[in-house]
Q: 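This is the structure I want to talk about, given as structure tokens.
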There are 2 protein chains.
Amino acid sequence: MRQRRKQDSRRVTVKDLAKDLGMSVSTVSRAFYPDAVIAEPTRKTVLERAAELGYRPNPFAQSLITKRTQIAGMVVSDLTNPFYPEVMTQMLARLQAVGMNVMLAAANEPDQTDEAVDLLLSYQPDLLIVLAVTLSSHAWEKCEQGGTPCIFFNRLSANGQGFGISCDNEMGGRQVADFLIDTGHRNLLYVSAFPDASTNVERYAGFRARTIERGLAEPEVLEAGLFTYEAGYQAGLNMAHLKGKIDGVFCANDIVAIGFMEGAQAGSGLRVPDDLSVVGFDDITMAGWPSHELTTVPQPLEDMMEAIVGLALELSNSSARPSQKIHCFAPGKMIIRNSTRSRVQTSKDLSYA
Amino acid sequence: MRQRRKQDSRRVTVKDLAKDLGMSVSTVSRAFYPDAVIAEPTRKTVLERAAELGYRPNPFAQSLITKRTQIAGMVVSDLTNPFYPEVMTQMLARLQAVGMNVMLAAANEPDQTDEAVDLLLSYQPDLLIVLAVTLSSHAWEKCEQGGTPCIFFNRLSANGQGFGISCDNEMGGRQVADFLIDTGHRNLLYVSAFPDASTNVERYAGFRARTIERGLAEPEVLEAGLFTYEAGYQAGLNMAHLKGKIDGVFCANDIVAIGFMEGAQAGSGLRVPDDLSVVGFDDITMAGWPSHELTTVPQPLEDMMEAIVGLALELSNSSARPSQKIHCFAPGKMIIRNSTRSRVQTSKDLSYA
DNA sequence: CTGAAAGCGCTTACAG
DNA sequence: CTGAAAGCGCTTACAG
């Protein structure tokens, strides 16, 4: 038992394979690189035998030389927002399909982030994908100085840092304003989540701008503070303290909206959509559940996924940096469910007022 | 621009550090191994200077020699069940805290699993953590022959394969039976999820056995088939086709229970808890939301987390295999919420019948 | 306690 | 088109 576990079942190496085939190590190695200069029949022979013996180049040895790791580091913080597991699932599958491996770092507490990112960076990932609301400036510096490109998903980088993939949140906010106003809502409210998040800021900006353009009063704002169910719920409870009569609500995202609806019901007995229309953002699976039936703006996930995989591939395989830093896609068409109701007064309804 | 990106900003290596300190490479290297023979003051000097220069041993070069990678491979399939993101978050944080990195493989489609696991295994993780319902036998063989230990989380391995960490699901099922019977329920139903999953099988076994022990008729069974909201919802709809009057329902897990409650309401107008008591399993965050208020059996996550980190550490740092293969913890105390109601008839209530 | 040397499994100029 | 050789950044017997 003195031997090391991993050595017991020795893995086959280039040397073994070369000897087996009566070729040089160099030739065998070349067979695995599409661009390498090697006779096609030779390559075929090598690849076939490799498959038989179960040989795979050792990625550690490979990376030591090539400085490429085929690893994408992924920083996540907000797995309680169902949007992210949904995104991760798709992203993982696609990255896997192009041969990239994903190494995960959780950044639940802001102070954990640095250590987590350091750990990640020591594996020299070809790129970092940030699914978190925040990346500490320390962590960002580390990436910079290590030459590791960052992709910020669903969040525009603060100062033009790194690459960004997101949907046009402002346009989404405008769509919601138009929708609510077109369906007869006149007293609007925005339920704000994490104040520094670009998604939050932009959605509000679009919503507010369009509301004013359409000649209504500036929307009220309720600060939930976080992108969580609990924050939304608390904001819903706080509806009680709001003076004006609100008839249309836009929440920073779906999970906040879902919490908000329940909080409003619990706190002030407000019923959705009878007393209040509520709109979310993202179109997470839960938004379609019968218990919520949330009207929402869907993220253009298909586009965003294609962009991120394309970018990841470029960043890990070519030496030139991609020129386009920001990919911003129009949101999908609003999905109208049962959390909103038209308040347009037909002539018959005029008795009301 | 002909140079490679990663080479531009050269990372500091042992050599650099050794030269800087006027020591040999060997000595510098030893400073990073607690068990290595090295004068304590020397070690201190090295470590300090390393921190200043931002030196970290290159894990790829390290692994090439030590055959240890400090990588835990994680196979996930079921991120739509909120239980898993919750588990992942905690597990990630804890593994990070002990210096392990997590490499992720998604196994959404059964046929993707093999390729994903292969990719993962080529990085020679010290161990594999399986959070998925299923690991193909091909994948398992690969682990075996590569000497990579597997830990199955929340699922007992089929044929004594690998290590298992789970809660005592059968005991949980028994608790639910006792609880429902004690609170006056007499006509019980089990909503079954994925038939091959050990969690599903054991929870049912315990529930059924205890029901019979208590002298009631065997519980009815409704096959949802999957651990998903949608499957639970469908099962709820199917309540309509059930002949007998059911008053107490145990669902394979929380997400199924939540779907079930809504399906039962939508399909047959059955109200929880007035017409029906419903119990879940896991205690996911959502179970506590006002819209669900689900009575449930909590998993002993604290215990399970400690066990998995302990096991991971043993497997990645020592050469001896841990002796205990199965860690099975008693579930937590049932959490009684509003999805269940006592149906014990006090003398006053006897008018009802 | 420290250093010189071998070697982990690869890739890639450099010759031929 | 193929092979011999150097070297990626580290660790670890082996001497001293």
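Chain letters run A, B, ... following the sequence lines, proteins first, then strands; residues in each count from 1. As a basis for the values below, the full set of heavy atoms in this structure was taken, side chains included, without hydrogen atoms, waters or symmetry mates.
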Q: Could you list the residues that satisfy side-chain hydrogen bond (donor to acceptor under 3.5 Å, both in side chains) with A:Asn154, not counting sequence neighbours?
A: A:Tyr84, A:Gln299
Q: Using a 3.5 Å limit for the pairing distances, which stems of at least 3 consecutive Watson-Crick or G-U wobble pairs does DNA chain D take part in?
A: C:1-3 with D:14-16, C:5-12 with D:5-12, C:14-16 with D:1-3
Q: Any salt bridge (charged side-chain N to carboxylate O under 4.0 Å, His left out) pairs touching residues 84-93 of chain A, not counting sequence neighbours?
A: none
Q: Distance-only criterion, 3.5 Å: show the donor-acceptor pairs between side-chain atoms of residues 14-21 of chain A and protein atoms not counting sequence neighbours.
A:
| residue | atom | partner | partner atom | Å |
| --- | --- | --- | --- | --- |
| A:Asp16 | OD2 | A:Thr13 | N | 2.9 |
| A:Asp20 | OD1 | A:Arg49 | NE | 2.7 |
| A:Asp20 | OD2 | A:Arg49 | NH2 | 3.1 |

Q: Do any side-chain atoms of residues 27-40 of chain B form donor-acceptor pairs under 3.5 angstrom with protein atoms, and if so which ones, sequence neighbours left out?
A:
| residue | atom | partner | partner atom | Å |
| --- | --- | --- | --- | --- |
| B:Thr27 | OG1 | B:Ser24 | OG | 3.0 |
| B:Tyr33 | OH | B:Gln62 | OE1 | 2.8 |
| B:Glu40 | OE1 | B:Arg43 | NH1 | 3.3 |

Q: Using a strict heavy-atom distance below 4.0 Å, which residues from residues 42-50 of chain A are in contact with DNA chain D?
A: A:Thr42
Q: Closest-nucleotide mapping onto DNA chain C: is A:Thr27 or B:Ala61 further toward the 5' terminus? I mean the 5' end.
A: B:Ala61
Q: What residues, two or more places apart in sequence or in another chain, satisfy ring-ring contact (aromatic ring centres under 6.0 Å, His included) together with B:Phe153?
A: none
Q: C:dG16 and C:dT12: how far apart are their C1' atoms, nearest whole angstrom?
A: 16 Å
Q: Side-chain N or O of B:Gln62 less than 4.0 angstrom from OP1 or OP2 on D:dC10?
A: no
Q: For the residue pair A:Tyr123 and B:Phe60, categorise the inter-ring angle as parallel (less than 30°), tilted (30 to 60°) or perpendicular (more than 60°).
A: perpendicular
Q: Does the side chain of A:Lys67 get closer than 4.0 angstrom to OP1 or OP2 of D:dG9 through an N or O atom?
A: yes
Q: According to side chain to side chain contact (heavy atoms under 4.5 Å, CB included), who are the partners of A:Lys44, at least two apart in sequence or on a separate chain?
A: A:Glu48
Q: Residues from residues 28-36 of chain A sitting under 4.0 Å of DNA chain C, heavy atoms only?
A: A:Ser29, A:Arg30, A:Tyr33
Q: With nearest nucleotides of DNA chain D determined for A:Glu40 and A:Ser26 from heavy-atom distances, which residue corresponds to the more 5′ nucleotide?
A: A:Glu40
Q: The criterion is salt bridge (Lys or Arg N to Asp or Glu O under 4.0 Å); which residues satisfy it with A:Glu302, sequence neighbours excluded?
A: A:Arg94
Q: Apply side chain to side chain contact (heavy atoms under 4.5 Å, CB included) to A:Leu313 and list each qualifying residue two or more places apart in sequence or on a separate chain.
A: A:Val98, A:Asn317
Q: By the ring pair (Phe, Tyr, Trp, His ring centres under 6.0 Å) test, which pairs, at least two apart or in different chains, include something from residues 61-80 of chain A?
A: none
